Amino acid sequence: MSTTPFIPKQAQEALAVGPAAIWKELYGDLMDELARNLLSLAPPITAISKIHDNGCGNALAELQKAVVADSWPVTTEVVDSNKLTFPDGSFDLSITNMVFAAFKNGTEDVQAAKEIKRTLKPGGPANANAFDHNPRNTIIRDAHHATRGKDAASLPAMYFAYYESSYFRKALGDAEWDSVRYVNSGVWVEIKDLQRFANIAWAVTGQPSTGWTEEDEKNWDNATSTIIPGLQEGRGNGFIEKDGTHHVRSIVTTALLQK
Ligand SMILES: C[S@@+](CC[C@H](N)C(=O)[O-])C[C@H]1O[C@@H](n2cnc3c(N)ncnc32)[C@H](O)[C@@H]1O
């Protein structure tokens, strides 16, 4: 007999707009800003550059529609970044935007870094990045441990908050790139309504690996009340309040690699 999983009423209210709208509302332009930042650090692309967009996203079917509609010279394929199916030396440039945190630290991240190197042409450049500091995620991780205990299992939807930029640097070192240079950049994204952000962020990413409980419904305000002050802690250089809206800064580490 199957039972319907429990969902706190506050989560149901927060998520009522539906999955596509909620992701857009939660992350705003963050992923686009990060991609722009990564590309701004990449070498110039020519008309004949063969580029690998490694771990390019979940919506490949949507991308494929745009490829056909706009006649882009792009091929889409589901490929594991740890076992790229491309021959050695296939690409002029490889970009890996916000994917390393999805890999197991110390094994998959090293293997993925080796695969990027293997599939690049000799001397070819690659850019990859990972968060150095992302308050939007760390406050959710901290709210989780503050309300459920420091030993509570990691939040599955918050895997980004557990991957450190030191793991990223170590993985690239272990993959023995010939040349690596790191650039840290601040990426600012608007949050219009802090209270709404606290509710949707907790509703989308605060769910424990074992599922929501009635305790979570009772503790909802306790958990979400730490999120706004957590963001405001960065006031001055990581949090700006202006004209009734807010901007929060994440710091991203980009590795400029060369084979
Ligand atoms: C935060 S998203 C970034 C997506 C995209 N790079 C962008 O800039 O919007 C992380 C992506 O990594 C992909 N990913 C996770 N593990 C992967 C793996 N082993 N191989 C390939 N892609 C993977 C996920 O499917 C997801 O689309």
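Whatever order the structure lists them in is the order used to number ligands and atoms, beginning at 1. Along the sequence shown, the residues carry numbers beginning at 1. Keep in mind the model is a prediction, meaning the values are calculated, not measured.
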If only atom types and distance count, is the side chain of [X] paired as donor or acceptor with the main-chain N or O of [Y] below 3.5 Å?
X      : Y      : value
Gln258 : Gly123 : yes
Arg249 : Gly234 : no
Glu217 : Gln10  : no
Asp80  : Asn82  : yes
His144 : Ala153 : yes

By number and element, which atoms of ligand 1 are closer than 4.0 Å to a non-hydrogen atom of Phe160? 1 (C)
Which atoms of ligand 1 have any heavy atom of Asn97 under 4.0 Å away?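 Within the 4.0 Å cut-off of Asn97, ligand 1 contributes 3 (C), 5 (C), 6 (N), 7 (C), 8 (O).
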To the nearest 0.1 Å, how far is [atom] from its closest protein heavy atom, and which atom is that?
atom                    : answer
atom 19 (N) of ligand 1 : Asp80 OD1, 3.0 Å
atom 9 (O) of ligand 1  : Met31 CG, 3.4 Å
atom 20 (N) of ligand 1 : Ser81 N, 2.9 Å
atom 17 (C) of ligand 1 : Phe103 CE2, 4.0 Å
atom 2 (S) of ligand 1  : Met98 O, 3.8 Å
atom 4 (C) of ligand 1  : Gly55 O, 3.5 Å
atom 15 (C) of ligand 1 : Ala102 CB, 3.5 Å

Least distance between heavy atoms, Phe6 atom then Pro8 atom: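 Closest approach of Phe6 to Pro8: CE2-N, 3.8 Å.
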Answer with yes or no whether Ala35 contacts ligand 1, where contact means a heavy atom under 4.0 Å from a ligand atom. no
Report yes or no: does a heavy atom of Val79 sit under 4.0 Å from some atom of ligand 1?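 It does; at least one heavy atom falls under 4.0 Å.
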Could you check whether any side-chain heavy atom of Met31 comes within less than 4.5 Å of a side-chain heavy atom of Leu34, counting everything from C-beta outward? yes
Take Tyr162 and Tyr159, measure what ring-ring contact (aromatic ring centres under 6.0 Å, His included) needs, and give me the verdict at the end. CA-CA 6 Å; Tyr162 296 89; Tyr159 61 87; 9.3 Å; no
Could you tell me whether Lys50 and Asp92 have a side-chain N and a carboxylate O separated by less than 4.0 Å? no
Examine the proximity of ligand 1 to Thr96 and report which part, side chain or backbone, both or neither, has a heavy atom under 4.0 Å away.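 Within the 4.0 Å criterion, Thr96 makes no contact with ligand 1.
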With a heavy-atom distance limit of 4.0 Å, tell me whether Cys56 approaches ligand 1 through its side chain, its backbone, both, or neither.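 Just the backbone.
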Please compare Val78, Val99, Asn58 and report which has the shortest non-hydrogen distance to atom 26 (C) of ligand 1. Asn58
